[in-house]
Every structure is written in structure tokens, then in C-alpha cells.
Amino acid sequence: MNLKTLVGVPLILSIILAGSIILFGAAGKDNFFIYYAIFAFFCTSIIIYSMRKIIDGKVEYAAAIVFGILIVFSAAFCADSLKSYYETSKQLSQYTENITQENLFITQKNNYYVEYINYTQEQILKYQNNSLFLQSKINQAIAESDKLREQKQQIVIVQIVPQDEYEEYYDD
Amino acid sequence: MTKLNFPYGWLLIVLLSLLPLIPLLINSPSLSNYENFTHVIGQITGLIGMNFFALTFILSSRFKFLENIFGGLDKVYKVHSVIGALALVCILFHPLFLVLKYLPGNFELAAKYMLPGGHWAVDFGIIALLGLILLLVLTLYMKMKYNRWKLTHEFLGICFMFAVLHIFLVRGTVSRDDIFPYYYVYVAIVALIGLTGFFYSLLLRRQIVSAGYRVESVKSKNNCYDITLSPIGKPKHYNAGQFMFLRFHNKKLSSEAHPFSIASKSDSEKLRFVIKALGDFTAKLSEVKVNDRVTVEGPYGRFNKKSTNDQVWIAGGIGVTPFLGMARDLNNPDFKVDLYYSVRANCEFIALDELKQAEKNNKNFRVIEWVSNDKGFLSVDEIKKQSGNLLSKEFYICGPNEMKIALRNALISAGVDKSKIYEEDFKFK
């Protein structure tokens, strides 16, 4: 194999691959068709130029140029379609991811509220129980105090204290 | 010197290049996974490319042992060209395979990986790759003057240094694994091989293998320069048919060394070169003056096998120069030698009188003049008609590339063994 061919074929192949990857990854969706058409024009020109010794005559040259233009636009169209497909699928996957994350957030929030409500209910029950207990204790205490009052009223002895004594005692 | 039929040189290069793949494959994870598979293929192309790249510098260093392995400096340079091309191919596909693991899911990450500005280790690799592409495209596809081409070719050493920085820094930073144990030993060996070859060619070779000569005489005839050099110090030892690189110390000539066939007899103290003005450098040889200093590097080449079998020498135009010295070396040999000297027009014969004199002195030596404008191109049938049975003879061809290819193919078609056809290619560019 000729050394020029040995280098030329892999070189143009790698330029096409590397250029396509870089354009797909780095260029924006707007004007992608134009960017890729310029790149395809560059690659096709090199290929046609390298085949100038094989192409024989003006008619063949003209045919090669026409085919070249067709290839450039077809490649740019295909690349643009692929880019659109890629961008759309990327956006869709992004949306799906966002929705999943939002769902996850809502679920987490729901879980929190459910837990909070459960906790609150528990607390209410606890307070209810406590208040019932306290009420029973209060009732018990009232009952006991009534009982004590009754007992005190029964042992009251009326003492008659002399006036003088009482006054002395008062001054003190 | 015996011709090496088995391509030991190629075998050696393949073994040296594939050696680091053994620890890589032992250490690599399961290849059934798409990501791992493309990643390892990327690493393999990078390693083989780097090995080839380093070996090209050794192959262009003109070490004598390489001539023995490959059978002549012209063959070494051919291997150098092929290995250089293969290095580029491997290095081209190295990043492409590495980014395949991100595809088709994440084109942004793949693009980021292939563009500079991400990490120094990767940026060095990108600089090396772009430099390699640029310089090899210049070498293969652009027509430029030899001195400019030589200058651009020397920049490949700088590309290699960037590539070494890349492979040195990539482990532990960008690479997602340790590549293989003792990876830094491998990096050191590759760097040592490549940089030794590069710096030896750039700085040391001139001092080590060159000798100083002075121009003793310059004769010009038919657009050819017959230059005789006498040694300033110790003369060089050589065989007729070999070639040397000459650097003329003359301000009107470019300073790079050019290869020329020796036209003087073996081990003669004075060196003689017959040079035709064919290129941009040789066109300026009229500026060479007596007493100009010339740095001579060599000798190189294995064209003259010093065989004792019947031989056919075929010279096309200026391709007669190695045969001028070889004819002077003949001393009434027992074997027959027929020299077919082909030129386009009668006026293009160079030193024909010398060859006729050698014919007179050696009964087994014949000179057959061939003017292609009158008789058409020299053919194998004509050689067979004049020299008899071809199968028992050895063939030495020197001349234009098209002539060499046509005659070689015709001789092989006529049943001559490939190993009996010797030729030398001066296309070092």
C-alpha cells in the first residue's frame, strides 16, 4: 500500500469522527446544520482533491463535484436530524429526571407531614390522657378536702376568752 | 555481506512495540464490558503508537547496526517512513477509542475530552497529536525544498517531547486506572529510546561520524558536476557503490547534508562524486569552489555485495555513479559483468570513456550503451538476448524509480529470484 494512502485514509476517517464528536458535543442546536455543512464540505473537498489522479476528465470531475455537494447536504441533514433527536432525547431524559426528583421531594414532604400528624395525634392523646388523669386527681382532692372540712366542723369548741386578756393578746 | 532474507528487523520492531501490551492485558479489567473494551483498545493504540514514534527516531539516527539488520540505509529509511506512518495512525485512533466509552450517552463529555483546556496531561497529548499530523502532512503531501522539509522534520522531536509529557502525567490524573504496574519504567524506556535517537541525530552524529574534506577539483559537463575531495585529516574507508552525506561549507549553498553515491574506487584516499543538477540544491553546485570545506558523513549503503557470481549492472542516467567506482574495482574477475548504461539521448552519457577503459582492462567486463530515444526503453528481453541466461546472474539496478520498478518486475516475471536483485533507493524524504 502506498504510504500516502496508508496515512490518508485513517487521517480523513479520524478527522470525520473527531470533528463530528466535537461538533455534536460542543456546538449548539441553532445553526448546527450550517456548522456541519461547512465541516462536511471541508472533508469532502479533501477527499475529492486526494482522488484527483483517479478522476479522469472534466465530466467525471463535474460528477464528483455534484456528488460532493449532495454528500455535503445529506451529511449535514442527517447530522442535524441526529442532533435534534439527541437534544430532544437528552431534554426528555432531563425532564424525566426532574420529575422523578420532584416526585421524590413531594413523597418525602408527604411522609414528613404524615409523620407530623401522627406525632401530633399522639401528643393530643397523651394530653387527653394527662388531663383525664389530672381531672380525676382534682376530683379526688376536692373530695378529700370536703371530707376534711366536714371532720373539722365537728370538733369546733367555742372558748370564751376574757376581754382584757384578749386585748393584751391583740396588742402583742 | 550476506543478504538477510528473513525480515529480522521488522520482527524486532513488532516485538519491541508489542511488549508493553503484555502487562497491560494482564492488568486490564474484563473486556466483555463495552466501556472497558473501548478503553483498553484506546490504551493499546496509544502504547503501540508511542513505541512506533520512539523507534522512528532510532531508525533515522543512521546507526551502523541498523544497516546490518535491515540490509542498507535506504531500507532503514523505508522502515522509518512506514513506522512513522503507523505511529500516526495508532495515535490518531488513541483518543477516539478512549472517548467511545462516553458515547452515545454523553457527547458533551466526549467533546470536552477531545478539546484542549481540560487538563495539562491531555493538552500535552493534543499538542503532540496536532503537531504530528501537521508535520507528517507536510512530509507526505506537500512539495517543499529539501532543506525546509528537513527543518520541519526536526520539529517531530518537540512533538515527541510533548507526547512523553502526556504519557508521564496521564497516570494518576486523567487516566481512570493505573494502566499497568511499572508503567513509569515503560515511560522512561520509551522516552530514553526516542530522545536518544533525536538528540544523537540533531547534535552528536555530526561530531561522531563525520570527517573533514576539501574540494580538490570541480569539473562541470552536461549539467553534471564531477567533484573530487581530499581529506583534511584521516581519510574514510568505504566500498565503491556506497554513498555518503555531503555538507558543503559554502555560504551560497544551504547547510544541510545531502546523500551522493561515491564514484571513486574502494578505499581510495580521495573521494569522487559525480552529481547531476536535478534539484534545488544540486542546481547551485556551480557555486562550489576549490578549497571549500566539506563535511562528509558515512559511508552508508549495501549496494556492492562483492559477489563472485556473474552480474548484470543496469544504470539509468546519473544512476551510473556507483558503477564508476565498482568498475574501477574490477581486477580481471573470473565472473562476467555486463553494464547496461541507459540514457535518453547520446549527449547524456557521463564518464563513458572511463567505463570503456575499464572494459579494455577487464576481459570479462562489458559496457552496453543504450539510448532510449533511439531504441526505446531497455527491456529484460534485450538483456537476455545480450547476456544469455538470466537465472544464474545477479542484478544491480541504479537509476530513476520508474525504471527500477519496471525492470525489477520484469526480471521477477522472467523467473529471477527476488534475492538476486539489488537496488538502492535515494528517496530519503
Side-chain angles (χ1 to χ4, degrees), chain A residues 1-33 35-36 38-39 42-43 45-54 75 78-97, chain B residues 38 42 45 49 52 56 77-118 125-126 129-130 132-143 401 405 425 427-429:
Chain A
M1 191 193 271
N2 185 322
L3 209 59
K4 285 182 182 178
T5 317
L6 176 73
V7 172
V9 173
L11 183 62
I12 194 72
L13 205 68
S14 58
I15 288 174
I16 292 169
L17 280 170
S20 301
I21 291 169
I22 291 169
L23 276 175
F24 259 82
K29 201 179 163 185
D30 303 331
N31 299 326
F32 183 79
F33 181 86
Y35 293 147
Y36 204 87
I38 293 167
F39 173 66
F42 169 74
C43 294
S45 307
I46 293 174
I47 293 167
I48 292 176
Y49 182 73
S50 65
M51 288 166 73
R52 66 194 181 282
K53 283 180 185 167
I54 306 166
C78 287
D80 192 42
S81 307
L82 272 172
K83 175 82 176 170
S84 296
Y85 172 77
Y86 172 70
E87 291 286 333
T88 313
S89 66
K90 209 177 73 178
Q91 273 180 351
L92 276 174
S93 63
Q94 188 64 47
Y95 288 150
T96 316
E97 204 180 313
Chain B
T38 52
T45 50
F52 281 155
T56 54
Y77 271 99
K78 272 186 182 170
V79 177
H80 161 83
S81 308
V82 175
I83 292 295
L86 289 175
L88 176 66
V89 172
C90 289
I91 294 171
L92 275 175
F93 284 101
H94 164 63
L96 287 172
F97 275 109
L98 285 180
V99 299
L100 276 184
K101 61 176 172 276
Y102 302 124
L103 304 180
N106 199 338
F107 273 98
E108 285 79 8
L109 197 59
K112 201 177 160 190
Y113 187 90
M114 295 179 86
L115 289 169
I126 292 171
L129 176 60
L130 292 179
L132 190 62
I133 292 172
L134 179 73
L135 295 172
L136 289 194
V137 165
L138 282 176
T139 299
L140 290 170
Y141 304 104
M142 304 286 168
K143 280 183 183 172
N401 220 25
I405 294 166
D425 196 349
K427 280 178 81 179
F428 292 119
K429 188 173 161 183

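Labels below follow one simple rule: chain letters A, B, ... track the order of the sequence lines, proteins then strands, and each chain is numbered from 1. Because only heavy atoms are used, hydrogens play no part in the values below, and waters and symmetry mates are left out as well, while side chains stay in.
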Undergrad: Using heavy-atom distances under 4.5 Å, tell me whether B/P95 contacts chain A through its side chain, its backbone, both, or neither.
TA: neither
Undergrad: Which heavy atom in A/L6 sits nearest to a heavy atom in B/V89, and how many Å separate them?
TA: O-CG2, 3.7 Å
Undergrad: Where do A/L3 and B/V82 come nearest, in terms of heavy atoms and distance?
TA: CD1-CA, 3.8 Å
Undergrad: Rounded to the nearest 0.5 Å, what separation is found between the CG atom of B/L115 and the CD1 atom of A/I22?
TA: 4.5 Å
Undergrad: Might you point out which heavy atoms bring B/F107 and A/F24 nearest each other, and give the distance in Å?
TA: CD2-CB, 3.5 Å
Undergrad: Would you give the length of the straight line joining atom CG of B/N106 to atom NZ of A/K90, rounded to the nearest 0.5 angstrom?
TA: 8.0 Å
Undergrad: If I measure from the heavy atoms of chain A, does B/L109 come under 4.5 Å with its side chain, its backbone, both, or neither?
TA: neither
Undergrad: In Å and rounded to the nearest 0.5 Å, what is the CZ to OG distance from B/F97 to A/S14?
TA: 11.0 Å
Undergrad: For A/L23, is it the side chain, the backbone, both, or neither that has a heavy atom closer than 4.5 Å to a heavy atom of chain B?
TA: neither
Undergrad: Check whether B/L96 gets within reach of chain A through its side chain, its backbone, both or neither, counting any heavy atom under 4.5 Å.
TA: side chain
Undergrad: Indicate the atoms forming the closest heavy-atom contact of B/A111 with A/G25, along with that distance.
TA: CB-CA, 3.7 Å
Undergrad: Any chance OH of A/Y35 has more than 12 other-residue heavy atoms, nucleotides or ligands included, within less than 6.0 Å?
TA: no
Undergrad: Is there side-chain contact between A/I15 and B/I133, with at least one heavy-atom pair below 4.5 Å?
TA: no
Undergrad: Answer with side chain, backbone, both or neither: which region of B/L136 has an atom nearer than 4.5 Å to a non-hydrogen atom of chain A?
TA: neither
Undergrad: Less than 4.5 Å apart, side chain to side chain, heavy atoms only: is that true for B/Y141 and A/V7?
TA: yes
Undergrad: Where do B/M114 and A/I21 come nearest, in terms of heavy atoms and distance?
TA: SD-CG2, 3.9 Å
Undergrad: Could you list all the side chain to side chain donor-acceptor pair (under 3.5 Å) pairs where at least one residue sits in residues 84-97 of chain B, not counting sequence neighbours?
TA: none
Undergrad: Would you give the length of the straight line joining atom CG of A/L13 to atom CZ of B/F93, rounded to the nearest 0.5 angstrom?
TA: 5.0 Å
